[in-house]
Amino acid sequence: MKYILCRAFLISVFIFCLAVPAAAQQVKNYTFFEGTQYPLRVTWVFGDEPGPVIMVQGGIQGDELSGFFTAQLLTRCKVRKGSLIIVPRANEPSILRRTRQINVDLNRRFDKEYNSFYEDRLARAIRFLISGAEGFIHLHEGSGFYSPKYVNSLRNPKRYGQSLIIDAAVYKDIKLAEMSARAISKLNAQISNKSYWFSLFNTDTFAKATQYPEMLKSLTCYALHERGIPAMAVEVSKDIKDLGWKVHQQLRATVYLLREFGIELDVPEFTFPKSPSGKGFEILINGKPLRGKSIELVRGAPVSTSGKAVADSGLEPAVAVFASDRPNLNLLTAPRMALSQFPALEVRIDGSRQAKARVRWKGSKPDLPEVNGPVFLCWLNGQPRFISAGGTLEAVEGDQIILEGILGSSREEILNLKGFVASILLNSGQDVGHEIIADPANFMAKYMLEGQDGISRYRVVRETPGKKRSEFYLSIAPRTIKALELQGEDGDPDFVNWANGQHKLMRPDSYSLKDVWSNGDRCKIQAFVDNIPISWGETFSVRSGKETVLTMRHTTTFVPVGQMVFKGTDYLQTRLDQ
Ligand SMILES: [Zn+2]
């Protein structure tokens with residue numbers, strides 16, 4: 001079982017029963033982009049009493065560790081008033097590589113809609129989450145120490161550490177400076193080392209002469225300017241080595257700001273683990289635990305990996321197994337056939353390398369002659385597909401594809417999907433071993449070969465030096481929904497013909513979302529009721545006289561597939577009225 005499936009138990013609503021029977025706090029966990037290389041795990045904490053909804057996010061840049069630990073610890077808080085949307089790890093691929101960015105800086109993708117990289121899909125979902133919030137706190141870790149005046153190379157206006165960042169002192173009637181200053185005075189009152197005190201950092205983003213024009217592309221600026229909600233960033237310093245201390249202070253800052261926003265909450269005491277990643281995971285490679293310095297693999301055979309938590313650190317880390325030749329393909333969520341040999345496997349937990357095993361290769365076979373041309377091996381939604389030269393790999397919009405190689409060849413083949421850019425850093429044409437999302441809007445239009453019925457086709461060309469050029473096609477059909485299967489409380493199935501954009505009168509009831517009839521895998525569609533994600537089998541209500549909006553989105557791109565509005569109509573009442 002893939003690690004991601006083990007997480008499925010999290011996708012449920014649990015109720016915490018408290019001593020006072022009337023008070024019940026609800027926590028909902030949900031993963032956007034489930035099963036992709038860029039899962040976005042979100043926790044909603046609904047307080048006992050209604051109040052503002054505030055979003056807190058960490059981990060947008062993978063080398064800023066404090067933010068994702070702080071946000072993760074915040075998911076354990078007790079909210080008395082208001083509710084929280086918490087995104088601890090906004091950019092898991094960058095966290096797994098401990099780098100600021102993989103393709104582009106995700107925190108510079110909010111000035112407009114982009115669609116080039118996975119980062120842009122994440123930005124799409126983050127914008128969606130922000131649209132349900134009335135305030136936003138962004139957790140970062142910057143270098144050095146911010147100071148409005150130049151003190152030295154580590155303490156000056158171009159350093160970001162130990163500051164609360166705002167885009168303006170006052171924006172419309174939002175008093176960002178006042179709110180932040182109050183939080184800072186409470187923070188600093190309990191920090192004895194003055195050189196670690198927090199400062200207010202106003203980037204004056206909207207001023208013509210701003211020193212920080214790049215902030216116009218940031219998420220806090222988007223939240224403030226486009227959504228009109230208060231937003232600030234809490235930066236701790238990369239130049240303070242004690243991670244536990246930084247997380248503690250960042251959490252304090254977050255709590256003070258949340259209180260400024262009108263949230264009432266308590267954060268439980270915690271002891272930050274000395275080594276936060278720990279050895280809490282057991283990784284299995286082909287069913288055997290990965291222990292020691294080497295592992296035996298068979299060339300030409302599948303490499304299956306799975307992992308399970310053996311100790312709970314409370315930090316819900318991002319876990320990955322990487323083969324050394326494919327540094328961005330997490331084998332816990334992507335299949336692999338070892339056609340070509342790679343030297344090592346490594347396990348990373350929140351980006352920290354926990355184990356590295358050299359591969360001892362067994363059963364090297366001679367290369368097979370390609371009598372009738374090469375046979376290409378690809379993965380479509382995790383299933384193997386074998387395609388002869390000139391053949392077609394048939395996909396549906398939003399499917400996941402990985403080009404693996406050529407059967408019987410032990411070389412690292414070069415396969416180029418024309419129109420797709422796997423990596424902005426080295427556009428070598430090599431698309432083997434990258435997760436490719438079948439999204440024509442993401443491919444270069446000039447490479448599209450027209451097909452019938454809205455199907456687009458692309459060429460995948462073998463460009464391995466010294467080998468005869470050969471190719472196959474990838475076709476992408478639009479994803480369509482034909483019908484829904486719902487189940488009312490009486491247990492009888494209700495079939496709804498899908499009519500995108502239409503209103504439908506429905507008997508008021510509680511409906512379970514049983515199934516969808518579409519032209520592809522069901523797991524590639526995620527359902528949202530009134531903009532709250534619901535899983536297959538979960539229930540939603542249609543109330544008399546009220547409208548309930550059901551939106552279906554592509555799991556891999558977050559783009560809507562379609563939407564229907566259910567209007568609760570009491571038929572008996574209608575008849576009497578007439
Ligand atoms: Zn940052």
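Side chain of Arg348 to main chain of Ile95: no donor-acceptor pair is present (N/O by atom type, distance under 3.5 Å, no hydrogens or angles). Looking at Asn29, its side chain never comes within 3.5 Å of a backbone N or O of Thr43 through a donor-acceptor pair. Looking only at distances, no side-chain donor or acceptor of Thr36 sits under 3.5 Å from a matching main-chain atom of Glu34. A donor-acceptor pair under 3.5 Å is formed between the side chain of Tyr38 and the backbone N or O of Thr556. Judged by distance alone, the side chain of Glu485 and the main-chain N or O of Val516 form no donor-acceptor pair under 3.5 Å. At distances below 3.5 Å, at least one donor-acceptor pair connects side-chain atoms of Arg97 with backbone N or O atoms of Pro327. A donor-acceptor pair under 3.5 Å is formed between the side chain of Lys28 and the backbone N or O of Pro533. In this structure, the side chain of Asn500 engages the main chain of Gln563 through a donor-acceptor pair within 3.5 Å. A distance-only check finds a donor-acceptor pair linking the side chain of Asn381 to the backbone of Gln400 [under 3.5 Å]. A donor-acceptor pair under 3.5 Å is absent between the side-chain atoms of Gln190 and the main chain of Leu187, judged by distance alone.
Screening residues 59-73 for salt bridge (Lys or Arg N to Asp or Glu O under 4.0 Å) gives Asp63-Lys238, Glu64-Arg100 as the qualifying pairs, with residues at least two apart or on separate chains.
No side-chain donor-acceptor contact under 3.5 Å links Gln101 and Ser94. A donor atom on one side chain and an acceptor atom on the other are found under 3.5 Å apart for Ser66 and Glu141. In summary, the side chains of Asn91 and Gln61 do not present any donor paired with an acceptor at a separation below 3.5 Å, with no hydrogens or angles considered. Of the N and O atoms on the side chains of Gln487 and Ser512, not one donor lies less than 3.5 Å from an acceptor on the other residue. A donor and an acceptor atom, one from each side chain of Gln37 and Asn330, are nowhere located under 3.5 Å apart.
Here Asn328 contributes atom CG and Leu96 contributes atom CG; the two are 9.5 Å apart, rounded to the nearest 0.5 Å. Here OG of Ser218 is found 9.0 Å from CZ of Phe110. Values are rounded to the nearest 0.5 Å. Here the straight-line distance linking atom CG of Asp120 with atom CG of Asn103 works out to 8.5 Å at 0.5 Å rounding. Rounding to the nearest 0.5 Å gives a distance of 6.5 Å between CG of Asp239 and OG of Ser143. One finds the CG atom of Asn107 at 6.0 Å from the CG atom of Leu219 (value rounded to the nearest 0.5 Å). Considering OH of Tyr196 and CD1 of Ile191, their distance stands at 11.0 Å, rounded to 0.5 Å.
Considering all non-hydrogen atoms of both residues, Ala527 and Leu513 come closest at CB-CD2, 3.5 Å. Pairing each heavy atom of Phe566 with each of Leu484, the nearest pair is CZ-CD1, 4.2 Å. Contact detail for Val53 and Gly132: the closest heavy-atom pair is CG1-O, 3.5 Å. The minimum heavy-atom distance linking Ser83 with Gly47 is given by the pair CB-N, 4.0 Å.
Between His140 and His138, the two ring planes are perpendicular [angle over 60°; tilted spans 30° to 60°]. The aromatic rings of Phe32 and Phe128 sit perpendicular to each other, their planes meeting at more than 60°, with 30° as the lower class boundary.
Taking 4.0 Å as the cut-off between side-chain N and carboxylate O, Arg291 and Glu282 count as a salt-bridged pair. In summary, Glu49 and Arg80 do not engage in a salt bridge, as defined by a charged side-chain N under 4.0 Å from a carboxylate O. The existence of a salt bridge linking Arg259 and Glu264 is excluded, since no basic side-chain nitrogen approaches an acidic carboxylate oxygen closer than 4.0 Å. Salt-bridge annotation for Glu119 and Arg121: absent, with no side-chain N of the basic residue lying under 4.0 Å from a carboxylate O of the acidic one. A salt bridge does not link Asp399 to Lys524: none of the charged side-chain nitrogens sits closer than 4.0 Å to a carboxylate oxygen. Residues Arg227 and Glu134 are not paired through a salt bridge, judged by the lack of any N-O separation under 4.0 Å between the basic side chain and the carboxylate. The residues Asp494 and Arg507 are annotated as salt-bridged, a charged nitrogen and a carboxylate oxygen being separated by less than 4.0 angstrom. Comment: Arg98 does not engage Glu92 in a salt bridge, judged by the lack of any side-chain N to carboxylate O separation of less than 4.0 angstrom. Classification of Asp266 and Lys78 as a salt-bridged pair fails, no side-chain N sitting under 4.0 Å from a carboxylate O.
Counting only heavy atoms from C-beta outward, the side chains of Leu84 and Trp44 never approach each other to under 4.5 Å. By the 4.5 Å heavy-atom criterion applied to side chains, Phe198 and Glu235 are not counted as neighbours. No side-chain heavy atom of Lys504 sits under 4.5 Å from any side-chain heavy atom of Gln502. With a 4.5 Å cut-off on side-chain heavy atoms, Arg553 and Val561 do not count as touching. In this structure, the side chains of Gln72 and Arg89 come closer than 4.5 Å at one or more pairs of heavy atoms. Between Leu345 and Val347, the closest side-chain pair of non-hydrogen atoms is not below 4.5 Å. Put simply, the side chain of Leu486 does not reach to within 4.5 Å of the side chain of Pro493, judged on heavy atoms. Counting heavy atoms from C-beta on, the side chains of Met232 and Ile165 never come closer than 4.5 Å.
Checked against Glu547 for a side chain to side chain contact (heavy atoms under 4.5 Å, CB included), the options Val542, Asp530, Val565 give a single hit: Val565.
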How far apart are the C-alpha atoms of Thr569 and Met506, what are their side-chain angles, what is the distance that settles it, and do they pass the side chain to side chain contact (heavy atoms under 4.5 Å, CB included) test? CA-CA 6 Å; Thr569 308; Met506 297 270 280; over 6 Å; no

For a side chain to side chain donor-acceptor pair (under 3.5 Å) check, start with the C-alpha distance between Thr555 and Gln526, then their side-chain angles and the critical distance, and finish with the verdict. CA-CA 5 Å; Thr555 301; Gln526 286 186 327; 4.5 Å; no

Verdict with reasoning, Val559 to Asn115, per side chain to side chain contact (heavy atoms under 4.5 Å, CB included): CA-CA 11 Å; Val559 170; Asn115 185 13; over 6 Å; no

When you look at Leu290 and Leu284, which way does the side chain to side chain contact (heavy atoms under 4.5 Å, CB included) test go after all the steps? CA-CA 6 Å; Leu290 180 69; Leu284 303 173; over 6 Å; no

Could you walk me through whether Phe558 and Phe528 pass the ring-ring contact (aromatic ring centres under 6.0 Å, His included) test, one step at a time? CA-CA 11 Å; Phe558 202 70; Phe528 293 73; 5.7 Å; yes

Does the side chain to side chain donor-acceptor pair (under 3.5 Å) test come out yes or no for Ser352 and Gln354, once each step is laid out? CA-CA 6 Å; Ser352 138; Gln354 296 298 302; 2.8 Å; yes

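Around NZ of Lys186, the count of heavy atoms belonging to other residues, nucleotides or ligands within 6.0 Å exceeds 12. Heavy-atom contacts from other residues, nucleotides or ligands closer than 6.0 Å to CZ of Arg543 number 12 or fewer.
When ring centroids are compared, Tyr160 and Tyr146 stay outside the 6.0 Å threshold.
By the 6.0 Å and 45° rule, Arg127 stacks over the aromatic ring of Tyr222.
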